[in-house]
Amino acid sequence: MKIRVAQGCVLLLLLFAQLGATRAALPRHDPVPGGIAVIPLSQSMPAYYRGQRVMVLAQGPRHYAVVGIPLDATPGMHRLSRDVAGEEPLAAFEVQPKDYPQQHITIEDRRKVEPNAEDLRRIRAERQRIVRAFRSWREGVTPRMPFLRPVEGRQSSAFGLRRFFNGLPRKPHSGLDLAAPRGTPVKAPADGVVIDTGDYFFNGKSVFIDHGQGLVTLYCHLDEIKVQPGQSVRRGEIIGTVGSTGRATGPHLHWSVSLNDARVNPELFLKESTNTEF
């Protein structure tokens with residue numbers, strides 16, 4: 001039996017398919033410390049949170065601010081503003097509390113836990129580079145989401161863990177650890193531009209990719225780096241290989257996602273976690 005569909009119906013079906021594909025580009029709304037708030041706006045306009053410009057995406061006729069919430073954010077009401085100084089209110093949203101579990105790790109190289117004076121000088125210099133990379137902003141770019149998982153490997157450490165190295169408290173885990181054999185290819189999860197590479201004291205061999213509008217990803221502990229600063233990369237392109245450089249107990253990829261200079265849970269950008277409708 002043949003089924004006939006009127007031309008207008010075909011156009012509507014195509015439109016709905018396009019809108020569905022567009023809605024799928026929004027990361028999952030999870031307004032907790034280390035999460036993301038997806039906030040409807042009346043129109044496209046610059047928006048700021050804690051002094052940082054935030055991503056604004058068009059979804060069909062609607063616009064949304066996509067806000068990264070730092071791990072140290074206090075639960076309660078938070079505000080978006082129209083200006084960097086925060087003097088012109090734009091919208092409000094509530095950050096819900098979230099408790100992250102603890103993780104205790106033993107590091108054999110004590111300098112990676114208690115650096116000496118020379119190490120500290122190096123760490124301070126590297127921190128400035130890291131801050132610059134995470135605050136990168138490319139205007140006029142719509143990041144492609146959902147992300148591709150950069151490594152097909154077992155998750156060895158979750159995002160947000162309250163970490164203790166050799167019994168000493170350290171900053172929460174600001175990324176996702178994916179265990180894989182040394183030399184496993186690491187792929188770019190989306191199109192972007194490499195903004196920095198280097199061999200850092202804690203992070204080891206690392207790559208930063210700018211995906212636009214304050215969305216920056218970081219890949220640490222690499223064995224090899226396959227790209228260079230200024231290089232454009234495509235979704236699925238190999239940017240390096242899994243290793244254990246820096247402060248690492250074995251081969252794995254540490255993958256961080258930064259949104260408006262806030263480290264957020266990378267899983268919110270993956271296909272199984274993104275919103276198909278908002």
Side-chain angles (χ1 to χ4, degrees), residues 33-34 52 68 70-73 100-136 150-151 153 155-184 186 194-210 216-231 239-266:
Q52 298 294 325
L71 275 164
D72 65 357
Y100 290 98
Q102 294 184 4
Q103 183 183 44
H104 292 260
I105 300 174
T106 301
I107 303 292
E108 293 183 3
D109 184 354
R110 292 192 60 182
R111 282 178 56 192
K112 296 298 184 182
V113 180
E114 301 177 76
N116 61 33
E118 183 179 349
D119 296 331
L120 289 173
R121 284 191 292 270
R122 174 185 171 184
I123 292 167
R124 282 192 291 269
E126 291 176 350
R127 186 177 296 125
Q128 294 178 3
R129 288 178 61 186
I130 292 170
V131 168
R132 284 196 301 270
F134 278 138
R135 291 183 179 173
S136 178
V151 166
Q155 179 180 303
S156 55
S157 287
F159 173 85
L161 295 172
R162 293 178 292 159
R163 285 188 145 181
F164 294 79
F165 288 99
N166 296 357
L168 300 175
R170 291 295 183 262
K171 290 183 178 180
H173 191 220
S174 60
L176 196 65
D177 284 355
L178 301 172
R182 187 184 309 277
T184 301
V186 177
V194 178
I195 50 176
D196 199 6
T197 65
D199 191 351
Y200 295 85
F201 184 82
F202 289 125
N203 295 343
K205 294 181 180 179
S206 303
V207 172
F208 291 86
I209 300 179
D210 181 344
V216 176
T217 54
L218 168 63
Y219 312 82
C220 300
H221 310 306
L222 301 175
D223 190 54
E224 289 186 88
I225 295 173
K226 301 285 189 179
V227 291
Q228 55 188 342
Q231 179 178 337
I239 60 172
T241 59
V242 170
S244 56
T245 56
R247 185 168 66 185
T249 57
H252 73 281
L253 174 70
H254 171 96
W255 178 34
S256 284
V257 175
S258 182
L259 186 59
N260 49 268
D261 195 26
R263 260 51 83 204
V264 297
N265 188 349

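Keep in mind that the numbers below use all heavy atoms, side chains included, and drop hydrogens, waters and symmetry copies.
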(request) Can you measure from NE2 (H252) to OG1 (T184) and round to the nearest 0.5 angstrom? (result) 13.0 Å

(request) Please examine the side chains of Q128 and R132, heavy atoms only from C-beta on, and report whether any two atoms are closer than 4.5 Å. (result) yes

(request) Find out whether V242 and R182 are in side-chain contact, i.e. whether some heavy atom of one side chain is under 4.5 Å from a heavy atom of the other. (result) no

(request) Working to the nearest 0.5 Å, report the span between CD of E126 and CG of D199. (result) 8.0 Å

(request) With rounding to the nearest 0.5 Å, note down the distance linking CG in L176 to CG in L253. (result) 8.5 Å

(request) Supply the atom-to-atom distance F201 CZ to R124 CZ, rounded to the nearest 0.5 angstrom. (result) 12.0 Å

(message) L218 vs S206, test: side chain to side chain contact (heavy atoms under 4.5 Å, CB included). Steps then yes/no.
(response) CA-CA 7 Å; L218 168 63; S206 303; 3.9 Å; yes

Could you pull out all donor-acceptor pairs under 3.5 Å where a side-chain atom in residues 220-228 meets a protein atom, sequence neighbours excluded?
{"unit_1": "H221", "atom_1": "ND1", "unit_2": "N203", "atom_2": "O", "d": "3.3"}
{"unit_1": "H221", "atom_1": "ND1", "unit_2": "T245", "atom_2": "O", "d": "2.7"}

(message) Treating S136 as the side-chain partner and F134 as the backbone partner, does any N or O pair qualify as donor plus acceptor under 3.5 Å?
(response) no

(request) For the residue pair V186 and W255, establish whether any side-chain heavy-atom pair is separated by less than 4.5 Å. (result) no

(message) For Q155 versus L178, what's the shortest heavy-atom pair and its separation?
(response) CA-CD2, 4.1 Å

(request) Just jot down the ring-ring contact (aromatic ring centres under 6.0 Å, His included) partners of F159, sequence neighbours excluded, or say none. (result) none

(request) Can you see which heavy atom on L71 is nearest to which on G160, and at what distance? (result) CD2-CA, 4.2 Å

(message) Check whether Y100 forms a cation-pi arrangement with R162 (NZ or CZ under 6.0 Å from the six-membered ring centre, at most 45° off the ring normal).
(response) no

(request) Mind listing the closest non-hydrogen atom pair of P181 and P251 along with its distance? (result) C-CB, 4.4 Å

(request) Looking only at non-hydrogen atoms, find the nearest pair between P70 and G68 and report the distance. (result) CD-O, 3.8 Å

(request) Please report the closest heavy-atom contact between A180 and V151, naming both atoms and the distance. (result) CB-CG1, 3.8 Å

(request) Could you list the residues that satisfy side chain to side chain contact (heavy atoms under 4.5 Å, CB included) with S174, not counting sequence neighbours? (result) H254, S256, R263

(request) Quickly, which of N260, I209, I195 forms a side-chain contact (heavy atoms from CB on, under 4.5 Å) with V216? Name it, please. (result) I195

